[in-house]
Amino acid sequence: MDELSKILFGAVITVFIILAIIVIGAIYIFQQDGLLSEDYSTFPPEGKLITNNEEYMLDLEAYKWEVGNSVSENKMEENISVYTLGQKKSPIEVNKKQMAKLLFIKHQEFKLEQIKAYLWRDENQKEELKVEENRTFILPNNPGNYVLELNIKSNRGHVQYVGKIVVK
């Protein structure tokens, strides 16, 4: 190998090493900013209601959710009440005084700060349900159609789920 070939080979190796360092550095920076990781979704968790060994997806209505520098937001339609919105949902049939549990799926890590659960009997009448630490609550004793509203607050934002409950 002549002298020029050795210099050229050394230059190619040096350029390759510099490019590798740049790529590795960029990947590290993107991971730190949350731009490249498993937590790529900026959407809030999906809500699932479990009751009587059945699972039901709850509809995500309003939210503001932050992941890194990204924010996703959806506001509830104006001039429509939670009750009216809930009446359009597919019914979840339950028995009197049945226990229900809220699960979060397809989500990145977040710190749950508060869950508020309400049962709407009509446009103007709602009742707050007591939510236990394990995210369980008891559904009503009286038969009828209700709208379930679940509001969560976390370190990433807030989310509102709505479902229709039919107590047999």
Side-chain angles (χ1 to χ4, degrees), residues 29-168:
I29 289 169
F30 284 136
Q31 282 180 333
Q32 295 303 313
D33 286 341
L35 301 175
L36 182 65
S37 70
E38 290 182 33
D39 296 341
Y40 58 87
S41 175
T42 59
F43 291 101
E46 293 180 16
K48 186 184 284 189
L49 189 70
I50 298 178
T51 183
N52 199 27
N53 295 322
E54 297 284 332
E55 297 181 357
Y56 304 93
M57 293 303 297
L58 294 170
D59 289 334
L60 183 60
E61 294 303 331
Y63 58 86
K64 183 175 182 181
W65 201 254
E66 299 179 31
V67 177
N69 294 330
S70 299
V71 176
S72 61
E73 187 170 10
N74 184 47
K75 295 182 180 179
M76 202 161 92
E77 293 178 45
E78 287 190 36
N79 302 323
I80 188 166
S81 69
V82 170
Y83 183 80
T84 301
L85 189 64
Q87 287 299 311
K88 298 176 184 178
K89 308 297 179 191
S90 297
I92 299 171
E93 292 188 1
V94 300
N95 295 316
K96 296 177 186 178
K97 293 188 92 169
Q98 192 166 314
M99 182 178 289
K101 181 172 186 160
L102 175 63
L103 289 181
F104 301 111
I105 59 172
K106 295 184 181 177
H107 65 85
Q108 59 281 63
E109 293 301 314
F110 65 93
K111 181 182 174 197
L112 186 61
E113 296 171 355
Q114 182 181 54
I115 299 177
K116 292 278 190 172
Y118 301 98
L119 272 179
W120 290 81
R121 298 174 195 270
D122 58 39
E123 286 283 344
N124 302 310
Q125 193 177 15
K126 72 177 177 179
E127 170 188 346
E128 185 171 355
L129 301 175
K130 182 180 181 198
V131 180
E132 302 294 335
E133 289 284 322
N134 63 356
R135 298 188 305 268
T136 60
F137 50 93
I138 304 294
L139 295 168
N141 188 30
N142 298 326
N145 294 326
Y146 299 88
V147 171
L148 176 65
E149 176 186 9
L150 293 165
N151 296 304
I152 69 162
K153 184 178 173 189
S154 79
N155 63 321
R156 293 197 186 266
H158 64 272
V159 180
Q160 178 189 52
Y161 303 98
V162 176
K164 182 178 183 178
I165 304 290
V166 177
V167 179
K168 299 184 265 176

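Along the sequence shown, the residues carry numbers beginning at 1.
Between L148 and F137, the closest side-chain pair of non-hydrogen atoms falls below 4.5 Å.
Between K111 and E113 there is no salt bridge, since no side-chain nitrogen of the basic residue lies less than 4.0 Å from a carboxylate oxygen of the acidic one.
Residues passing the side-chain contact (heavy atoms from CB on, under 4.5 Å) test with S81 are Y83, T84, E123, sequence neighbours excluded. Here S154 pairs with nothing under the side-chain hydrogen bond (donor to acceptor under 3.5 Å, both in side chains) rule; sequence neighbours left out. For K168, the side-chain contact (heavy atoms from CB on, under 4.5 Å) partners two or more places apart in sequence, or in a different chain, are E93, N95. Under the side-chain contact (heavy atoms from CB on, under 4.5 Å) criterion, E54 pairs with Y56, sequence neighbours left out. Scanning for side-chain hydrogen bond (donor to acceptor under 3.5 Å, both in side chains) contacts around N74 gives an empty result, with sequence neighbours left out.
Scanning all heavy atoms of the two residues, the minimum distance from K164 to K89 falls at CD-O, 3.5 Å. What you find for P45 and W65 is that their closest heavy atoms are CD-CZ2, 3.5 Å. Closest of all the heavy-atom pairs between L60 and V159 is CD1-CG1, 3.0 Å. Across all their heavy atoms, V131 and A117 have their closest contact at CG2-CB, 3.6 Å. The nearest pair of heavy atoms linking L58 to G163 is CD2-CA, 4.3 Å. Residues G47 and L102 share a closest heavy-atom pair of CA-CD1, 4.3 Å.
A distance of 11.0 Å separates CG of D59 from OH of Y161, quoted to the nearest 0.5 Å. Between the CD atom of E73 and the NZ atom of K64 there is a distance of 5.0 Å, given to the nearest 0.5 Å. With values rounded to the nearest 0.5 angstrom, Q125 atom CD is found 10.0 Å from W120 atom CH2. N52 CG to L139 CG: the interatomic distance, rounded to the nearest 0.5 Å, is 10.5 Å. Put simply, CZ on R135 and CD1 on I152 are 9.5 Å apart, with the number rounded to the nearest 0.5 Å. Separation of atoms CG (N151) and CD (E61) is listed at 11.0 Å; rounding is to 0.5 Å.
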Side chain to side chain contact (heavy atoms under 4.5 Å, CB included) between L85 and Q160, intermediate numbers included: CA-CA 12 Å; L85 189 64; Q160 178 189 52; 5.6 Å; no
Trace of the salt bridge (charged side-chain N to carboxylate O under 4.0 Å, His left out) decision for K130 with E132: CA-CA 6 Å; K130 182 180 181 198; E132 302 294 335; 3.6 Å; yes
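Relative orientation of the F104 and F110 rings is perpendicular, given thresholds of 30° and 60° on the angle between their planes.
Between the side chain of T136 and the backbone N or O of A100, no donor-acceptor pair lies under 3.5 Å. Remark: side-chain polar atoms of D122 are paired, donor with acceptor, to backbone N or O of N124 under 3.5 angstrom.
Applying the side chain to side chain donor-acceptor pair (under 3.5 Å) rule to pairs touching residues 137-147 yields nothing, sequence neighbours excluded.
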